[in-house]
Amino acid sequence: MKCIRFAALCALVALAGTAQAITTQWSDSDGIAGGTNASFTGVGDGSVMAVTVSFTLSSTSPRDLLMISGGDTTLNTSPSWGNFAKLAISQNSNQENQFGVWTRGGTGSAEVGGRISNANGNRAYHVSFVFDRSGDTHTLQVYLNGSEFYSATYEAKMDAPLTTLVFSEGNVTWDSAYVYVAEEGEDLYAIAQEASKTGVPIPEPTALALLALGVAGVALRRRAA
């Protein structure tokens, strides 16, 4: 009976080791030089993509921090030709510095944005973006340190793939960044929200938990027989 349980455990370890719930398209886990443009495989219509970034602010002065766009661009600009989402620090009516997200999709004429959550210096932040093109409308969901931070529906559909990350080079230390998609049956929103707690996207526990229960069930059934 010990042999059966040991074999079941070995099978679980082997299967878990090969299970992949996310596919990383681009990553940098060793720190990113400010002002660097990163190119990755673009995700087009009918798919969902996530981006998770980790950074530390040394100053909360208003400025653009990060842009995810459909082509070559620079910060502090708003491309009129295509798709983007931008993370920035700006001031509200009370002169408080806050994180803000601005978006534009396809041929949309208006830049849609909002300021949410105070920005504090000398602390680490993990932010996850989920771009969803799978439905009739295209949406963006943003998580900050484990909490839902911002959501938006693009005015017009994102008509071209997102292919470029642009990082600010002033008063911010970029610790890591990941661009990834989920495999069939996995909830990319849940993965991205969890990644916004640690900065590292990992598979949902659901698939591995079900696998463990299945292997354990086989072992118990053989034992009862």
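None of these values were measured; they are calculated from a predicted model.
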query: Side chains of V181 and V48: does their closest heavy-atom pair fall under 4.5 Å?
result: no

message: Whether the side chain of S147 engages the backbone of F149 through a donor-acceptor N/O pair (distance < 3.5 Å, no angle test) should be reported.
response: no

task: Output yes when a side-chain donor or acceptor of R63 lies under 3.5 Å from a complementary backbone atom of S168, and no otherwise.
output: no

field: Main-chain N/O of A160 paired to N83 side chain as donor or acceptor, under 3.5 Å
entry: yes

query: Is it true that a side-chain atom of S58 and a backbone atom of N171 form a donor plus acceptor pair closer than 3.5 Å?
result: yes

query: Is the shortest heavy-atom distance from the side chain of F40 to the side chain of S27 under 4.5 Å?
result: no

- line: When every non-hydrogen atom of A38 is compared with those of F167, the smallest separation belongs to CB-CE1, 4.3 Å

message: Tell me whether S128 contacts the main-chain N or O of A192 through its side chain, where contact means a donor paired with an acceptor under 3.5 Å.
response: yes

- request: Rounded to the nearest 0.5 Å, what's the gap from OH on Y178 to OG1 on T52? Could you check?
  value: 9.0 Å

field: salt bridge (charged side-chain N to carboxylate O under 4.0 Å, His left out) pairs, two or more places apart, involving residues 161-172
entry: none

message: Apply side-chain contact (heavy atoms from CB on, under 4.5 Å) to residues I191 and E186 and explain how you reach the verdict.
response: CA-CA 8 Å; I191 293 171; E186 296 293 334; 4.2 Å; yes

field: Note, M49 side chain near L162 side chain (heavy atom, < 4.5 Å)
entry: yes

message: What's the separation between atom OG in S176 and atom CG in D30, rounded to the nearest 0.5 Å?
response: 9.5 Å

message: Contact between L140 and V130 at the side-chain level, heavy atoms closer than 4.5 Å - yes or no?
response: no

- prompt: If only atom types and distance count, is the side chain of S196 paired as donor or acceptor with the main-chain N or O of G146 below 3.5 Å?
  reply: yes

query: Relative to F131, does R133 satisfy both conditions: NZ or CZ under 6.0 angstrom from the six-membered ring centre, and within 45 degrees of the ring's axis?
result: no

field: Flag side-chain contact, heavy atom, 4.5 Å: L66 against V53
entry: yes

Side chains of I22 and E183 in contact at under 4.5 Å (non-hydrogen atoms): no

- request: Determine, step by step, whether N120 and L57 satisfy the side-chain contact (heavy atoms from CB on, under 4.5 Å) criterion, reporting the C-alpha distance in whole Å, the side-chain angles of both residues, the deciding distance to 0.1 Å, and the verdict.
  value: CA-CA 7 Å; N120 301 307; L57 294 175; over 6 Å; no

task: Mind listing the closest non-hydrogen atom pair of P201 and G199 along with its distance?
output: CD-O, 3.9 Å

- prompt: So, the side chain of T24 versus the backbone of W26: is there a donor-acceptor pair under 3.5 Å, distance only?
  reply: no

message: Counting the benzene-type ring for Trp, do F99 and Y125 have ring centres under 6.0 Å apart?
response: yes

- prompt: In terms of ring plane angle, is the pair F55 and W174 parallel, tilted or perpendicular, where the classes change at 30° and 60°?
  reply: tilted

field: Contacts of type side-chain contact (heavy atoms from CB on, under 4.5 Å), residue N97, not counting sequence neighbours
entry: T60, P62, I89, Q91

message: I need the L87 CG to I68 CD1 distance, nearest 0.5 Å.
response: 8.5 Å

- request: For residues Q141 and Y189, determine if any side-chain heavy atom of one lies less than 4.5 Å from a side-chain heavy atom of the other.
  value: yes

field: Inter-residue atom distance F129.CZ - K86.NZ, 0.5 Å rounding
entry: 12.0 Å

query: Within the side chain of Q193, is there an N or O that forms a donor-acceptor pair under 3.5 Å with the backbone of Y143?
result: no

- request: Working to the nearest 0.5 Å, report the span between CG of N37 and CE of M67.
  value: 10.5 Å

- prompt: Can you tell me if N145 uses its side chain to pair, donor with acceptor, with the backbone of H126 under 3.5 Å?
  reply: yes

H138 (side chain) donor-acceptor with M158 (main chain) under 3.5 angstrom: yes

